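Okay, structure first, notes after.
Everything numeric in this text was worked out from a predicted model, so none of it was measured. Reckoned from all heavy atoms, side chains included, excluding hydrogens, waters and symmetry mates.
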Amino acid sequence: MTQANDIPRAPLRDRIGSFLSERRALLRDYFSAVSGSAGRLIFSLIYFVALANTLSIADFGLFATASAAGVMLSRTLAFGFISALYRTATIRPRLIGSYTAGFLMLALLSLPVLVAASALTWLLFFSTTLPAGIFAIVIFAEALLWRPVEVAMIVNNGLGRFGRAATLAILTAAIKAAAAALFVFWPTPTLEAWAWFYVASNVVSLALAFGVFYPRQKLRLTPYLYWRRLSDSIYVASAEVLFYLQMEFDKLLVLAMGGPHLAGIYAIVMRLVDLTAIPIRTFSMMLVQRMMRAPQMLERLKVKIGIEAGILVVSTSALLFLAVVLHFYPNFLGRNVSEAAPLVGLALFVPALRNLVEYHAELLFARGQTLIRAGNLALLAALKAALLSSLLLQVADTQTLVWSLNGMFALLYLASAAVTYTALRRPAKAI
């Protein structure tokens, strides 16, 4: 009888080579996708620096807040049918043409809802600070121009064409950066002028996305395919609106309760936080795709803890590096940004906690638990509104406010983790 310890063991180098060989395709896809994140990060930073130092801090705060509202409202486009299009690209790519036609039809039907929601948002948060015309231009750019560009990226990622999606992400980020760089030399750098620059950059991005990068399939309306997916899509749309509400509602509250200048300072800090999240989103996207095909992959506690710890370490290290740079070189990102530079290090754990909450939402989406996801995000939005309102009413100085955000986001993370990991004990829903 052969003893276990008599079996020859392969050298470490051979075992590492075998491991990498088995996962070569996965590694290739990951590095293709993350290259898009790296390129997007560079151009997003150029865009941010140019714009934040050309507009006044108050105008930058107004634009950032209106843009955040536009991102949130854009999730109502097509009643969330983008989720069905993504699942189709991932699992049934031959039906992309049919689902694209359904997306276009539902996008038209959703326009009255988008207009009504936009009008209500302006009345509640912007009526005293931002003209309705400028707000409408920003919403148009975000919801009807940029959101379809995201659809092209989403479909390419669903098809596994990570290189094409990465290239599109880099090019569109470069287009926005170029628009911001041109705006620096504009003789009247007002918020209204920038709104039209923003529209122009998104028009070019839209033409590029659908003229070059979108997969070529014949558009064919097949309504019977759509109706059975529509309820799930509406759940996803509701969850997406709630997700971005809890992600971006802080900007709206700061504008409403603190005014445009404080909103500008806050937007600069949170924009720097957002930039550190770009590489993490690539990882989350690829994990979601794997979970769609293998929902049981997160059954082991060790894997769950390892992924969350990795997100925590990478996110915190990225912001810590940025805080150290701005501490020694406060004007590194420009004159206006230097006013917010001392505050960046105070938000040290905010990127990790935000990224983990976003990761939880992606887990529930991947497992088809869209109703639970929507409920979780509604809970987080309400909790965030209550906590931030309390902070804004009780805290007088900006430094204490930013430092207190760590505790606020920690509470949001604990609530999200409790709901998410309780839901993960249930069987995944069939897609």
Side-chain angles (χ1 to χ4, degrees), residues 41 43-72 121-122 125-142 146 173 175-202 244 247-278 322 326 330-344 346-347 350 392 398-399 401-402 405:
L41 177 61
F43 286 114
S44 294
L45 186 60
I46 295 170
Y47 164 81
F48 164 72
V49 171
L51 188 61
N53 291 288
T54 304
L55 292 173
S56 67
I57 291 179
D59 279 351
F60 180 78
L62 286 171
F63 171 73
T65 309
S67 178
V71 170
M72 178 184 71
T121 302
W122 179 79
F125 296 102
F126 296 93
S127 57
T128 60
T129 54
L130 185 65
I134 298 177
F135 181 76
I137 293 170
V138 176
I139 300 301
F140 171 73
E142 293 288 359
W146 179 249
I175 290 167
K176 286 186 177 180
L182 289 173
F183 183 64
V184 171
F185 301 101
W186 195 250
T188 54
T190 61
L191 180 56
E192 183 178 8
W194 168 246
W196 287 111
F197 268 81
Y198 194 60
V199 166
S201 68
N202 281 289
Y244 281 96
M247 288 287 285
E248 307 290 357
F249 192 58
D250 47 357
K251 297 184 180 73
L252 297 173
L253 275 179
V254 172
L255 174 65
M257 301 179 70
H261 187 80
L262 179 60
I265 295 293
Y266 187 84
I268 289 171
V269 173
M270 297 310 292
R271 181 58 179 163
L272 292 172
V273 167
D274 286 340
L275 289 173
T276 66
I278 290 177
L322 184 59
L326 290 175
N331 292 317
F332 179 69
L333 297 179
R335 174 178 44 83
N336 282 355
V337 178
S338 67
E339 188 172 338
L343 305 174
V344 174
L346 297 176
V350 171
L392 288 168
T398 309
Q399 288 188 341
L401 173 65
V402 174
L405 293 178

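- The ring pair (Phe, Tyr, Trp, His ring centres under 6.0 Å) check on Phe126 picks up Phe135, with sequence neighbours excluded.
- Closest approach of Ala52 to Asn336, counting heavy atoms only: O-ND2, 2.8 Å.
- The ring pair (Phe, Tyr, Trp, His ring centres under 6.0 Å) search around Phe125 returns Phe249, not counting sequence neighbours.
- Asn53 and Gly334 get closest at one heavy-atom pair: OD1-C, 3.1 Å.
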**Asked** Could you go step by step and tell me if Leu333 and Leu45 meet the side chain to side chain contact (heavy atoms under 4.5 Å, CB included) rule?
**Response** CA-CA 9 Å; Leu333 297 179; Leu45 186 60; 4.1 Å; yes
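- Counting heavy atoms from C-beta on, the side chains of Leu275 and Leu322 never come closer than 4.5 Å.
- By the 30° and 60° cut-offs, the orientation of the rings of Phe197 relative to Trp186 is perpendicular.
- Expressed to the nearest 0.5 Å, how far OG1 of Thr128 lies from CG of Leu255 amounts to 7.5 Å.
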Expected list for residues 54-69: side-chain donor-acceptor pairs under 3.5 angstrom, two or more places apart:
{"from": "Thr54", "atom 1": "OG1", "to": "Ala50", "atom 2": "O", "distance (Å)": "2.6"}
{"from": "Ser56", "atom 1": "OG", "to": "Asp59", "atom 2": "N", "distance (Å)": "3.1"}
{"from": "Thr65", "atom 1": "OG1", "to": "Gly61", "atom 2": "O", "distance (Å)": "2.6"}
{"from": "Ser67", "atom 1": "OG", "to": "Glu142", "atom 2": "OE2", "distance (Å)": "2.5"}

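- For the atom pair Glu339 CD and Ile265 CD1, the distance stands at 3.5 Å (nearest 0.5 Å).
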**Prompt:** Could you go step by step and tell me if Phe48 and Leu272 meet the side chain to side chain contact (heavy atoms under 4.5 Å, CB included) rule?
**Reply:** CA-CA 9 Å; Phe48 164 72; Leu272 292 172; 3.5 Å; yes
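- Closest non-hydrogen pair, Tyr47 versus Lys176, comes out as CD1-O, 3.4 Å.
- Between the side chain of Ser44 and the main chain of Leu41, no donor-acceptor pair closer than 3.5 Å is present.
- A distance of 13.5 Å separates CD1 of Ile46 from CG of Leu51, quoted to the nearest 0.5 Å.
- Counting only heavy atoms from C-beta outward, the side chains of Val350 and Met270 approach each other to under 4.5 Å.
- For the atom pair CG (Asn331) and OG (Ser338), the distance works out to 4.5 Å, reported to the nearest 0.5 Å.
- To the nearest 0.5 Å, atom CD1 of residue Ile134 and atom OH of residue Tyr198 are 15.0 Å apart.
- For the atom pair CD1 (Ile139) and CH2 (Trp122), the distance works out to 12.5 Å, reported to the nearest 0.5 Å.
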